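Below is one structure, written out as structure tokens; the observations come after it.
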There are 2 protein chains.
Amino acid sequence: MPVPQPPVPPEPRRPLTLRDVSEASGVSEMTVSRVLRNRGDVSVATREKVLAAAKGLGYVPNKIAGALASQRVNLVAVVIPSLGNLVFPEVLAGVSETLEDTGLQPVFGVTNYSPDREEAVLYEMLSWRPSGVIVAGLEHSDAASAMLRNAGIPIVEIMDVDGEPIDSVVGISHMRAGREMARAIVAAGYRRIGFLGTKMPLDHRARKRMEGFEAGLAEAGLALADREFYSGGSALAKGREMTQAMLARSPDLDFLYYSNDMIGAGGLLWCLGQGLDVPGKIGLAGFNGVDLLDGLPVRLATMDACRREIGQQAAKIVAGQSGSGLIGGERIELTPRLQPGDTIRKA
Amino acid sequence: MPVPQPPVPPEPRRPLTLRDVSEASGVSEMTVSRVLRNRGDVSVATREKVLAAAKGLGYVPNKIAGALASQRVNLVAVVIPSLGNLVFPEVLAGVSETLEDTGLQPVFGVTNYSPDREEAVLYEMLSWRPSGVIVAGLEHSDAASAMLRNAGIPIVEIMDVDGEPIDSVVGISHMRAGREMARAIVAAGYRRIGFLGTKMPLDHRARKRMEGFEAGLAEAGLALADREFYSGGSALAKGREMTQAMLARSPDLDFLYYSNDMIGAGGLLWCLGQGLDVPGKIGLAGFNGVDLLDGLPVRLATMDACRREIGQQAAKIVAGQSGSGLIGGERIELTPRLQPGDTIRKA
DNA sequence: CTTCCGCCCGTTAGCGTTAACATAGCAGGC
DNA sequence: GCCTGCTATGTTAACGCTAACGGGCGGAAG
């Protein structure tokens, strides 16, 4: 009759394995494995004995071995261009939150808007055989697209729906967002319109927004009266500087469209500081709906990019909880709502 | 004489293994492995043949099997309380950037300031046998501390140095940051001082800052004249509301210390909107040094928390690049610099 | 010519876990 | 008593890769 072992103080060096727990509790490794995974029938007595031994030893299972044996991995790869842009942490938060009680674990990678790095990051992540991939954008290198297509797991491209997805896609149409903003501005009677944005040839979504915006203006026979791009630095400060520069250069502008809310807020603060009549003499609008703006003295017109919801929906798809019954190839287009704020004249 | 195989179009279903590449290129699996890892001697001819086959097939190595066999894992676990607080994405960015060319890959987990979730997240991450752990804060559950201590890998606790680290630590002293801010405020002649912060009993760093602040005031025989806490919502908006509320309640306050820059900025905007004399009649200060503030009409006094640098240093330690020669147990205390901005009277 | 060494490559034996199957023990029906 | 059908546990063989070692081959050294 085996004497119950007292919990052994964790002997530091050799890493513990199932065998250690099995020896400490007097059952086979398989039974320990069953207990720790709550799978299969194990008597209550055995279960408790095993759990006590595992806790006493401080055993932490080795998922590497487990994943290899079971061919199942609870990781989800999440690939985003940047952490500096407010938007992506919010998406991550949505993903993280939704995955929380699915047993899935997000693994993040950052590409810095570089297709080469995206390819490298994806290769690295796929080599861990995750059970799904969430990746920002629809534009990838050929090699990256091929990898994703052949991975045999759910792929969700997020943020943007203007293009051909590999598998599933969750996002908004940035083209349409730009166009609708243009229409709203034109409808409010503005005519001489300037654009201020980031100088990032690889930020396809910003580009699409601008293209949509110009298309919207064109519908009314208008074109951009001026434009300016920046890169780096504090967005709020850049917004001030660019606004000042543009209005010095083109004093007759009556509207400024900013490619994101932070530079928009900077521009707004500058205009207010100058005592300009907003939205009477000059209107302003940004993009994103960052809740930060709720605290500004005047609310900037913007359009919600549904960031958190994008993360949530994408996570649901990889977790197989989308409720659509589809097995892939889902397409969820969210609709950004125009929030007119106080910086566009009422039509 | 083996005929060179033309690249086979990737047959979709069965996942590729080394064996497939080895068969396609006519060498052993071991040689393929060597080529793919750039390890050991392989002739140029063989190398090229193998690389061509691997690329042709679209082979992606299986790191799970590789890690199990080699007992080496290129993952670094990074555990943070929240993604909503601007601070942590910045730390992540520092980590991610520094790890970029070390072959190490960060894996992030979020605890929502819950010790239980922290424990669960750590257990989950340690079960992947990462080669290092970076975790925010020095306060952990007993079980979590034990796990970390027994993991046998570098552990770096970050953000905070006020306490007993498990292994290495990189951060600032929040106690001291609070105290120094108090001294600067007292030195500038302010006497009736209010505190505005988050209602988060589990945010130990915010608590330490406040304690340090009160200690600093006590040195001058002062105590907080009023205090207010919030939770949730847009920080900028909360800053406005709380400031308004506090000044309505305690109109004789001459200084407001905010536990973070966002609520501080909200308060600042409100004060400016009210036409209050800042910093003459009332002074303001925040904490963090978010570069966002560079764009405000008036620069808020703050203290840089060295977020990105914390991430970088922590990453260096786990990557073994700290340059200290130490094998663990490093302690890096960074010094937050007071940035007086325009919201404290010149002494 | 032999010996030795370095290059290039193959063979063997795990890494720690789990799937799948085998088996022991026991209750109950006939 | 024998077989059926459980439940609780053990045994075996992977999973895909790499560490460690072994060996053929060719040229340089003796």
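Numbered from 1 within each chain, the chains take letters A, B, ... in sequence-line order. Predicted model, so just to flag it, every value in this text is computed and none were measured.
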- Item | Out of C:dT17, C:dA20, C:dC8, whichever nucleotide has its closest atom nearest the side chain of A:R34 | C:dA20
- Query: With a 3.5 Å cut-off and no angle check, do the side chains of B:R47 and B:S43 form a donor-acceptor pair?
  - Reply: no
- Any B:T17 side-chain N or O less than 4.0 Å from OP1/OP2 of D:dC15: no
- Electrostatic pair B:R14:B:D20 at N-O distance under 4.0 angstrom: yes
- Item | Interatomic distance, A:D20 CG vs C:dC15 P [rounded to whole Å] | 13 Å
- Message: Tell me the interatomic distance from A:R19, atom CZ, to D:dT12, atom C1', rounded to whole angstroms.
- Response: 14 Å
- Message: For a quick check of understanding: with a heavy-atom distance under 4.0 Å over all strands, which category does A:D41 fall into, base, sugar-phosphate or nothing?
- Response: base
- Task: Starting at atom CE of B:M30, determine the distance to atom C1' of C:dC9, rounded to an integer number of angstrom.
- Result: 10 Å
- Query: Counting just side-chain N and O atoms, does B:T46 come under 4.0 Å of either OP1 or OP2 of C:dC8?
  - Reply: no
- Quick one: OG on B:S96 to CZ on B:F108, what's the gap to the nearest 0.5 Å? 5.5 Å
- Using atom CD1 of A:I64 as one end and atom P of C:dG16 as the other, report the distance to the nearest whole Å. 11 Å
- C:dT18, C:dC15, C:dG10: which one has an atom nearest the side-chain heavy atoms of B:A69? C:dC15
- Exercise: do B:E124 and A:N74 side chains pair donor with acceptor under 3.5 Å: yes
- Item | Euclidean distance, atom CZ of residue B:R39 to atom P of C:dC7 [Å, nearest integer] | 18 Å
- Task: Please determine, for the side chain of A:S28, which listed nucleotide (D:dC17, D:dG10, C:dT17) has the closest atom?
- Result: D:dG10
- Query: Is there a side-chain polar atom (N or O) of B:S70 under 4.0 Å from OP1 or OP2 of D:dT18?
  - Reply: no
- In whole angstrom, give the distance that lies between atom CG of B:L68 and atom C1' of D:dA14. 12 Å
- Across the strands shown, which category fits B:R72 at heavy-atom distances under 4.0 angstrom: base, sugar-phosphate, nothing? sugar-phosphate
- Item | For atom CD of B:E29 and atom C1' of D:dT18, their distance in whole Å | 11 Å
- Let me know the distance between CG of B:N38 and P of C:dC8, rounded to the nearest Å. 14 Å
- Note on the structure: The nucleotide from D:dG16, C:dG10, C:dT17 with an atom nearest the side chain of A:Y59 is C:dT17
- Query: Does a nitrogen or oxygen in the side chain of B:Q71 sit under 4.0 Å from OP1 or OP2 of C:dG16?
  - Reply: yes
- Item | Per A:T31 side chain, nearest of listed nucleotides C:dT17, D:dT9, D:dC15 | D:dT9
- Item | Residues B:E90, B:R308: salt bridge by 4.0 Å N-O rule | no
